[in-house]
Amino acid sequence: MSQSPAVFLDRDGTLLEEVGYLDRLERLTIFPFSVDGVRLLNRAGFKVVVITNQAGVARGLVEEPFVGEAHSYLAGVFAEGGATIDGWYYCPHHPDAPIEAYRQQCECRKPRPGMIRRAERDLDLDLARSFVVGDRWLDVELARAVGARGVLVRTGYGASEERRPQPGIQADAVVDNLMAAVTWILRHVTQNVERRT
Ligand SMILES: [Mg+2]
Ligand SMILES: [Zn+2]
């Protein structure tokens, strides 16, 4: 088996409405296009991997087991729509966390590449043919750091991020939302990817 390209998706503000710290399912709203967008990526042969900073855990605002619970719930919603998320990775840390167990300068908090490196090993990915989609400059910065392409979406914090360009960080595309990002990615796939049947 050759290595697969992947699309790494930020969670809050990209797949889901940004609600501050998501701490219970009642506050979770999935964007209406998220399931269709992921299914299109599946069909185009991409692994789809969620990577999310969850500093709310480090801050004591989100219970760590809830993160897993939310991801199980979402996996069910995607499955019902015929879409598959191939991996879920989160970083519960923060360097200034009030909770000592989570207080660290970790390798996984975006824009550091730890979550992508783990997914690369777990799923045998080709990062040079991969993309990161998110609503923060740190998502684009992460794409750059691992040799992937970075797409900023205007949902979540994206519109305000777009108004505050970061020196040295250039997105490959800035688009309205995840579905527009998927359309952009499918147009910019330069190499053949294996198709799933
Ligand atoms: Mg986000
Ligand atoms: Zn971390």
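Counting starts at 1 for both ligands and their atoms, following the listed order.
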For this session: Report the C-alpha distance between Glu141 and Arg144 in whole Å, list the side-chain angles of each, state the deciding distance to 0.1 Å, and finish with yes or no for salt bridge (Lys or Arg N to Asp or Glu O under 4.0 Å).
Result: CA-CA 5 Å; Glu141 196 180 342; Arg144 285 284 175 273; over 6 Å; no
Problem set entry | Residues in salt bridge (Lys or Arg N to Asp or Glu O under 4.0 Å) contact with Arg27, at least two apart in sequence or another chain |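 Residues passing salt bridge (Lys or Arg N to Asp or Glu O under 4.0 Å) with Arg27: Asp23.
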Exercise. Taking atom CD of Glu69 as the centre, does the number of heavy atoms from other residues, nucleotides or ligands within less than 6.0 Å exceed 12?
Worked result: yes
Problem set entry | Rounded to 10 degrees, the angle ND1 of His93 makes with SG of Cys108 at the Zn ion (ligand 2) |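 Centred on the Zn ion (ligand 2), the ND1/SG angle is 110° (to 10°).
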Problem set entry | Angle in degrees, rounded to 10°, that SG of Cys91 and SG of Cys106 form at the Zn ion (ligand 2) |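 About 110° at the Zn ion (ligand 2).
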For this session: At a cut-off of 2.8 Å, list the protein N/O/S atoms near the Mg ion (ligand 1), residue plus atom name.
Result: Asp10 OD2, Asp12 O, Asp135 OD1
Exercise. Taking atom types as modelled, is there a side-chain donor on Asp122 or Tyr89 under 3.5 Å from an acceptor on the other?
Worked result: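 There is such a pair between these side chains.
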Problem set entry | Passing candidate, side-chain hydrogen bond (donor to acceptor under 3.5 Å, both in side chains) with Tyr102, options His94, Glu64, His93, Gln54 | Glu64
Exercise. Given the rule in the salt bridge (Lys or Arg N to Asp or Glu O under 4.0 Å) test, do Asp139 and Lys110 qualify, once you have shown the distances and angles that lead to the verdict?
Worked result: CA-CA 7 Å; Asp139 295 298; Lys110 297 184 286 187; 2.8 Å; yes
Problem set entry | Side-chain (Trp137) to main-chain (Glu161) donor-acceptor, under 3.5 angstrom | yes
